[in-house]
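Working notes, beginning with the structure itself.
All values below were derived from every heavy atom in this structure, side-chain atoms included, with hydrogens, water molecules and symmetry-related copies excluded. All residue numbers in this chain count up from 1 along the given sequence. Order of appearance sets the numbers: ligands from 1, and atoms from 1 within every ligand.
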Amino acid sequence: MSEALFHDVVRDRHSVRSFLPAPVPAALLRSVLEDAQRSPSNCNTQPWQVHIVSGAKRDALSQAILAADEAGRFTLDFSFDLEDFDGVYRQRARDQGAAYYQAIGVAREATQERRTAARYNLEFFGAPHVALLFMPKVGDSVRVAADIGMYAQTFLLALTAHGLGGIPQTMLGMYADTIREVLGIDPSSKMLFGISFGYPDRSAAANRYRIGKVPIEQSVTFHT
Ligand SMILES: Cc1cc2nc3c(=O)[nH]c(=O)nc-3n(C[C@H](O)[C@H](O)[C@H](O)COP(=O)(O)O)c2cc1C
């Protein structure tokens, strides 16, 4: 196994927010899914329930989510509120938002343009495919959600290694009921987030910026 290759794949991965319309060939998609399936999970329960949406269904799903958003029909299975984040976590989220909007040329005070940019989430950032990550409800859900996170990162790294890209999207989880209705998914399956994916449009401003990471000293405590 090449350590250098792994190093490159990890650093090459970034959130892709503009895609080319070309679909991913079925064999390539299968190979990415085979890689993601290798993910670890609590007691090997492998609780990920993955729905890949493409083609006409993808377009219909986007339309339904946009309509739900317009109607203010937000149906989250798990809460998410930036107000819940304090201190450095809040600041990092603010810095990320500011860096992204600056990269795509949207001013802080341009409320309508910001809304349009945010709603691009609901068009899957132009990606030809979206993977919607559902899970069974088990206890307080924290352990299963961690397993879904493991799966998601393996999926994202596999995309990168194959010249593809993706963007995890909590925002899609705000329309969980709408998504279940369009795809015929049982209400017992809970949605954590989605990953839009495909071939990155490498010329797009949204994909030319990179957000930094804090030094490991801010995340890791060494005990000896
Ligand atoms: C679980 C999860 C959900 C996310 N949800 C969204 C989202 O709804 N919309 C979005 O534009 N980015 C979303 N992101 C992307 C983050 O903003 C991004 O990962 C972070 O800024 C770090 O950038 P990087 O992925 O390029 O390293 C999400 C990331 C994760 C891990």
>> Between ligand 1 and Arg13, is the shortest N or O to N or O distance under 3.5 Å?
In response: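 It does: an N or O of Arg13 is found under 3.5 Å from an N or O of ligand 1.
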> Does the pair Ile211 and Arg92 meet the rule for a side chain to side chain contact (heavy atoms under 4.5 Å, CB included), with working shown?
Replying inline: CA-CA 10 Å; Ile211 194 73; Arg92 288 171 195 163; over 6 Å; no
>> Taking Phe193 as the starting point, is it possible to reach Leu183 by hopping between hydrophobic residues whose side chains are less than 4.5 Å apart?
In response: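 Each belongs to a different hydrophobic cluster.
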> Is there a protein heavy atom less than 4.0 Å away from atom 20 (C) of ligand 1?
Replying inline: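 Looking at atom 20 (C) of ligand 1, one finds that no protein heavy atom lies closer than 4.0 Å.
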Check [X] against ligand 1 and report side chain, backbone, both or neither, counting heavy atoms closer than 4.0 Å.
X	result
Thr170	both
Tyr209	neither
Ile167	side chain
Arg210	neither
Gln169	both

For [X], the ligand 1 atoms whose distance to one of its heavy atoms is below 4.0 Å:
X	result
Ile211	22 (C), 23 (O)
Lys213	22 (C), 23 (O), 24 (P), 27 (O)
Phe125	11 (O)
His14	26 (O)
Met171	8 (O)
Asn121	7 (C), 8 (O), 9 (N), 10 (C), 11 (O)

> Lys57 and His51: side chain to side chain contact (heavy atoms under 4.5 Å, CB included), yes or no, with the steps?
Replying inline: CA-CA 12 Å; Lys57 203 66 166 178; His51 294 260; over 6 Å; no
List the closest protein heavy-atom neighbour of [atom]: residue, atom name, distance to the nearest 0.1 Å.
atom	result
atom 11 (O) of ligand 1	Arg17 NE, 2.9 Å
atom 18 (C) of ligand 1	Ser15 OG, 3.4 Å
atom 28 (C) of ligand 1	Pro168 O, 3.2 Å

> Cation-pi between Arg17 and Tyr100: NZ/CZ under 6.0 Å from ring centre and within 45° of the ring axis?
Replying inline: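 Because its charged atom sits under 6.0 Å from the ring centre and within 45° of the axis, Arg17 does stack over Tyr100.
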> If you measure only the distance, is there a donor-acceptor pair under 3.5 Å linking the side chains of Asp95 and Gln91?
Replying inline: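 Yes, because at least one side-chain N or O of Asp95 sits under 3.5 Å from a partner of the opposite role on Gln91.
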>> Between Leu29 and Phe197, does the side chain to side chain contact (heavy atoms under 4.5 Å, CB included) criterion hold? Intermediate values first, please.
In response: CA-CA 10 Å; Leu29 174 54; Phe197 66 96; 3.7 Å; yes
> Parallel, tilted or perpendicular for Phe80 and Phe85, by the 30°/60° rule?
Replying inline: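 The rings of Phe80 and Phe85 sit tilted, inter-plane angle from 30° to 60°.
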> Of Thr75, Ile179, Ile185, which meets side-chain contact (heavy atoms from CB on, under 4.5 Å) against Met191?
Replying inline: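 Option passing the side-chain contact (heavy atoms from CB on, under 4.5 Å) with Met191: Ile179.
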> What is the distance from atom CH2 of Trp48 to atom OG1 of Thr154, rounded to the nearest 0.5 Å?
Replying inline: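 The CH2 atom of Trp48 sits 7.5 Å away from the OG1 atom of Thr154.
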>> Run Lys190 and Ser141 through side chain to side chain contact (heavy atoms under 4.5 Å, CB included) and show every step you take.
In response: CA-CA 10 Å; Lys190 303 300 175 192; Ser141 298; over 6 Å; no
